[in-house]
Asker: 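Got a structure here, written out as structure tokens. Questions coming.
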Amino acid sequence: MFLEFKAQVESVLMDTIHSAGFEIEALDLYLEPSPYADIASRVAFKLASLQKQNPKDLASRLVSEIKIPEGSYVGAVTAVGPYINFQASRTYIDRTVAEIRKKQEKFGSGSPKDRVLLEHTSANPNGPLHVGHIRNSIIGDTLARILRRAGYEVEVQYYVNDMGRQIAVVSWACERFEMDRSIKSDSAIAGVYIKANAELVAHPEYVEAIDALMKKVETGDAETIDRFDTAVSLAVEGIKETLLRMNVIHDKFVKESTFLKSGAVHDIVERIRATGRTDVDKGALVVDLSDYGFEKTLVIQRSNGTSLYTTRDLAYHEWKAGRADRVIDVFGADHKLISGQLRATLNSIGIQEPEVVIFEFVSLPEGSMSTRRGQFISADELFDQVTAAAFEEVDKRRLDISEEAKREIADMVGMGAVRYDIVKVSPEKSTVFNWKEALDFEKQGAPYIQYSHARACSILSKAAEEGVWEGRESEVDSALLVEPSEITLIKKMAAFDSVIDHCARELKPHSLATYSRELADAFNQFYRFVPVLIAEDEKVRAARLALVDCARIVLANALDTLGIGAPESM
């Protein structure tokens with residue numbers, strides 16, 4: 001709704017500027033939210049610099065000449081100094097309520113757009129996902145949900161490292177040590193991987209065996225490839241289970257070895273050679289990217305002729321570029337250099353560069369983690385702790401429901417707390433995940449937003465029991481919603497499509513988390529100051545119940561886009 005309102009503001013303002021004899025680009029209208037208006041424009045500053053006139057006088061002149069079409073979402077327009085302030089009309093308020101009730105779960109969704117291929121997580125299959133991985137998964141999955149709601153056709157991929165040095169160690173470990181088959185398969189892989197690394201430290205001469213395995217895979221040795229595949233499949237099977245617990249789903253798992261087998265790796269190396277950028281450094285083939293601002297060269301082939309993860313990643317990105325209009329990667333901060341080099345190399349051979357979301361790391365108060373050294377807290381362990389604590393909280397609050405219902409709510413609350421607390425921080429900022437704070441029902445995290453949704457459901461359920469609410473069938477006069485807290489709530493709900501659009505364009509999922517909390521605030525303020533079930537006038541009560549229903553719908557839509565469950569009771 002807000003996007004339509006903004007478009008109408010732009011149209012009205014552009015028409016006025018043109019009729020006044022000025023020419024200006026739409027980008028120079030500088031339309032933005034303001035504490036004093038629903039939308040404000042700084043266009044008078046731009047016109048003043050072009051026309052050598054006073055911006056305050058220009059703003060007043062334009063406002064005096066503005067003509068607003070009948071039925072427009074644009075209401076009052078005023079000049080305050082050099083600023084032009086636009087308020088939304090009553091039509092906008094009433095149409096917002098009607099659209100939410102009509103579109104339900106589709107409210108806030110954009111029109112069909114381009115095809116997006118988004119890669120995230122792609123953790124090495126040498127053990128379970130740990131806390132250090134989950135920020136990648138949550139940011140990536142939330143972005144995919146945002147892009148889908150914005151109207152994009154999205155395919156989510158997990159790039160499986162099935163042939164690098166770490167996988168060679170895993171394969172070697174599976175042959176050398178007995179796996180614990182009583183535990184989750186990725187944890188079993190981690191067990192032998194940790195033992196193998198300790199063995200390699202104690203016996204450096206064993207490294208030759210690892211190098212030999214990598215060479216065999218590169219040359220297509222079937223038996224060695226099968227060994228690698230078996231080990232990788234066991235790890236990926238367990239990783240998928242963990243991702244599912246987080247409500248994270250990938251459409252496709254793409255193996256790194258695919259691009260070696262197809263010849264794509266060889267082809268891309270030859271095309272890079274043809275650019276004249278390559279050189280040999282200590283036997284290795286390197287790419288000079290100094291004209292792109294990189295002092296360090298990029299190694300794309302070892303001295304023994306084998307490819308690197310980076311080489312195969314280049315081939316993977318060429319493949320992705322041919323299948324989507326937008327290619328998006330979610331990488332940790334340790335990939336900042338290599339992702340920049342990857343983009344530059346792709347650019348140098350005329351291949352579409354990916355958009356890259358770089359995130360700083362998440363840690364626990366206990367400190368950093370390493371799978372190789374066996375110093376990590378698995379994501380599963382963390383989730384077990386969080387859901388157990390959530391169950392204790394639900395158990396105290398809800399003595400009236402079954403244990404099964406309590407566990408269902410606890411799972412939604414626990415995983416919601418994890419997802420929200422991770423995604424609420426801008427990706428470029430590092431964060432420490434404190435699960436006790438994330439689960440605090442009194443703070444404005446996921447449980448607070450979920451409770452707001454549950455409160456709306458409870459109000460409507462009680463109204464239905466009393467026979468004063470029939471859901472979508474209830475006749476409603478939204479013109480009766482005139483209280484300040486009612487208008488504030490409606491405008492906040494109307495902004496949902498704009499927030500989704502911004503997050504999709506800028507790849508900033510934390511903005512949706514902020515909006516969801518503010519929406520919950522607006523709903524709770526409305527319910528605090530305005531009587532709903534006890535409203536004396538039946539028509540006013542019906543209108544306010546419809547507003548509660550609208551809040552329920554938009555809160556559920558926002559939570560769903562964040563990948564968080566929306567419980568009907570808590």
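For reference, positions follow the sequence shown, starting with 1.
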Asker: Counting only N and O atoms by type, is there a donor-acceptor contact under 3.5 Å from the side chain of Asn136 to the main-chain atoms of Val330?
Answerer: yes

Asker: Would you please test Thr310 and Val299 for side chain to side chain contact (heavy atoms under 4.5 Å, CB included) and show each step?
Answerer: CA-CA 8 Å; Thr310 304; Val299 182; over 6 Å; no

Asker: Does a side chain donor of either Asn347 or Tyr292 reach within less than 3.5 Å of an acceptor in the other side chain?
Answerer: yes

Asker: Check for a donor-acceptor pair, side chain of Lys296 on one end and backbone N or O of Phe294 on the other, with a separation under 3.5 Å.
Answerer: no

Asker: Evaluate Asp114 against Arg326 for salt bridge (charged side-chain N to carboxylate O under 4.0 Å, His left out), listing each step before the verdict.
Answerer: CA-CA 8 Å; Asp114 294 339; Arg326 291 178 74 179; over 6 Å; no

Asker: Asp221 and Lys215: salt bridge (charged side-chain N to carboxylate O under 4.0 Å, His left out), yes or no, with the steps?
Answerer: CA-CA 9 Å; Asp221 182 77; Lys215 186 74 173 177; over 6 Å; no

Asker: Using 4.0 Å as the upper bound for N to carboxylate O, is an ion pair formed by Lys103 and Asp497?
Answerer: no

Asker: Assess the side chains of Ser307 and Glu218: does a donor N or O sit below 3.5 Å from an acceptor N or O?
Answerer: yes

Asker: Under the ring-ring contact (aromatic ring centres under 6.0 Å, His included) test, which residues partner Phe45, sequence neighbours left out?
Answerer: Tyr83

Asker: Quick check against the 3.5 Å criterion: does Thr514 have a side-chain atom that pairs as donor or acceptor with the backbone of His510?
Answerer: yes

Asker: Could you state the interatomic distance from CZ (Phe228) to OG (Ser171), rounded to the nearest 0.5 Å?
Answerer: 5.0 Å

Asker: Looking at every heavy atom in both Ile189 and Ala231, which two are closest together, and how far apart are they?
Answerer: CD1-O, 3.7 Å

Asker: Does Leu512 offer a backbone N or O that forms a donor-acceptor pair with the side chain of Arg517 under 3.5 Å?
Answerer: no

Asker: Evaluate the side chain to side chain contact (heavy atoms under 4.5 Å, CB included) criterion for residues Val160 and Val254: first the C-alpha distance (whole Å), next the side-chain angles of each, then the deciding distance (0.1 Å), finally the verdict.
Answerer: CA-CA 6 Å; Val160 182; Val254 180; over 6 Å; no

Asker: Salt-bridged, Asp501 to Arg505, with N to O below 4.0 Å?
Answerer: yes

Asker: Tell me if a side-chain donor or acceptor on Asp180 pairs with a main-chain N or O of Ser182 at a distance below 3.5 Å.
Answerer: yes

Asker: Any chance you could lay out the salt bridge (charged side-chain N to carboxylate O under 4.0 Å, His left out) test for Arg149 and Asp560, step after step, and finish with the verdict?
Answerer: CA-CA 10 Å; Arg149 189 167 284 279; Asp560 178 66; 3.8 Å; yes

Asker: For a side chain to side chain contact (heavy atoms under 4.5 Å, CB included) check, start with the C-alpha distance between Glu23 and His18, then their side-chain angles and the critical distance, and finish with the verdict.
Answerer: CA-CA 6 Å; Glu23 290 297 327; His18 290 155; 3.9 Å; yes

Asker: Is a salt bridge present between Asp313 and Lys320, judged by a nitrogen-to-oxygen distance below 4.0 Å?
Answerer: no

Asker: Do the side chain of Thr306 and the main chain of Arg302 share a donor and acceptor less than 3.5 angstrom apart?
Answerer: no

Asker: Quick check on the 6.0 Å ring-centre criterion: do Tyr316 and Tyr159 meet it?
Answerer: yes

Asker: For the residue pair His133 and His130, does the interplanar ring angle fall in the parallel (under 30°), tilted (30 to 60°) or perpendicular (over 60°) class?
Answerer: parallel

Asker: Using 4.0 Å as the upper bound for N to carboxylate O, is an ion pair formed by Glu256 and Arg312?
Answerer: yes

Asker: So, Ser137 versus Thr121: side-chain donor-acceptor pair below 3.5 Å or not?
Answerer: yes

Asker: Tell me the closest heavy-atom pair linking Ile39 and Lys6, and the distance in Å.
Answerer: CD1-CA, 3.7 Å

Asker: Between Ala26 and Glu10, what is the shortest heavy-atom contact and its length?
Answerer: CB-OE2, 3.8 Å

Asker: If only atom types and distance count, is the side chain of Gln352 paired as donor or acceptor with the main-chain N or O of His317 below 3.5 Å?
Answerer: no

Asker: In Å, rounded to the nearest 0.5 Å, how long is the span from CG of Leu562 to CZ of Arg145?
Answerer: 9.0 Å

Asker: Do Asp251 and Arg148 meet the salt-bridge criterion of a basic N to acidic O distance under 4.0 Å?
Answerer: yes

Asker: For the residue pair Ala168 and Leu213, what are the closest heavy atoms and their distance?
Answerer: O-CD1, 3.7 Å

Asker: Between Tyr206 and Arg176, is there a cation-pi geometry (under 6.0 Å to ring centre, at most 45° from the normal)?
Answerer: yes

Asker: With ring pair (Phe, Tyr, Trp, His ring centres under 6.0 Å) as the test, would you mind laying out the steps for Tyr515 and Phe496 before giving the verdict?
Answerer: CA-CA 8 Å; Tyr515 168 81; Phe496 185 43; 5.7 Å; yes

Asker: Does Lys46 form a side chain to side chain contact (heavy atoms under 4.5 Å, CB included) with Leu29? I'd like the steps, not just the answer.
Answerer: CA-CA 8 Å; Lys46 180 70 175 180; Leu29 294 178; over 6 Å; no

Asker: Between Asp329 and His335, does a side-chain hydrogen bond (donor to acceptor under 3.5 Å, both in side chains) hold up when you go through it step by step?
Answerer: CA-CA 11 Å; Asp329 296 333; His335 282 65; over 6 Å; no

Asker: On a heavy-atom basis, which atom in Phe433 and which in Ala417 lie closest, and how many Å separate them?
Answerer: CE1-O, 4.2 Å

Asker: For the side chain of Gln450 and the backbone of Met412, is there at least one donor-acceptor N/O pair under 3.5 Å apart?
Answerer: yes

Asker: Can you measure from CG (Leu129) to NZ (Lys240) and round to the nearest 0.5 angstrom?
Answerer: 12.5 Å

Asker: Any chance you could measure Tyr420, atom OH, to Gln444, atom CD, to the nearest 0.5 Å?
Answerer: 8.0 Å

Asker: I'd like to know if the side chain of Ser185 reaches the main chain of Leu234, judged simply by a donor and an acceptor atom lying under 3.5 Å from each other, with no hydrogens or angles considered.
Answerer: yes

Asker: In plain terms, say whether Glu318 and Arg271 are close enough for a salt bridge, that is, a side-chain N and a carboxylate O under 4.0 Å apart.
Answerer: yes

Asker: Could you note down all residue pairs passing salt bridge (charged side-chain N to carboxylate O under 4.0 Å, His left out) where residues 277-292 supplies at least one of them, sequence neighbours left out?
Answerer: Arg277-Asp291

Asker: Side-chain donor-acceptor pair under 3.5 Å between Glu381 and Ser378, yes or no?
Answerer: yes

Asker: Is a side-chain donor or acceptor of Asn557 paired with a backbone partner of Phe107 at a separation under 3.5 angstrom?
Answerer: yes

Asker: Are side-chain N/O atoms of Gln157 and Glu155 paired as donor and acceptor at under 3.5 Å?
Answerer: yes

Asker: Go through the structure and list residues passing salt bridge (charged side-chain N to carboxylate O under 4.0 Å, His left out) with Lys424, not counting sequence neighbours.
Answerer: Asp421

Asker: For the CG atom of Leu308 and the OG1 atom of Thr311, what is their distance to the nearest 0.5 Å?
Answerer: 4.5 Å

Asker: Would you name the heavy atoms of Leu118 and Ala144 that are closest together and state the gap between them?
Answerer: CD1-N, 4.0 Å

Asker: Pairing donors with acceptors under 3.5 angstrom, does anything connect the side chains of Thr242 and Asp380?
Answerer: yes

Asker: Let's go through Arg115 and Glu153 carefully: what are the C-alpha distance in whole Å and the side-chain angles of both, what is the deciding distance for salt bridge (charged side-chain N to carboxylate O under 4.0 Å, His left out) to 0.1 Å, and is it a yes or a no?
Answerer: CA-CA 5 Å; Arg115 178 171 169 78; Glu153 180 188 347; 3.1 Å; yes

Asker: Rounded to the nearest 0.5 Å, what's the gap from CD on Glu270 to OG1 on Thr278? Could you check?
Answerer: 9.0 Å

Asker: For the residue pair His250 and Asp141, confirm or rule out a side-chain donor-acceptor distance under 3.5 Å.
Answerer: no

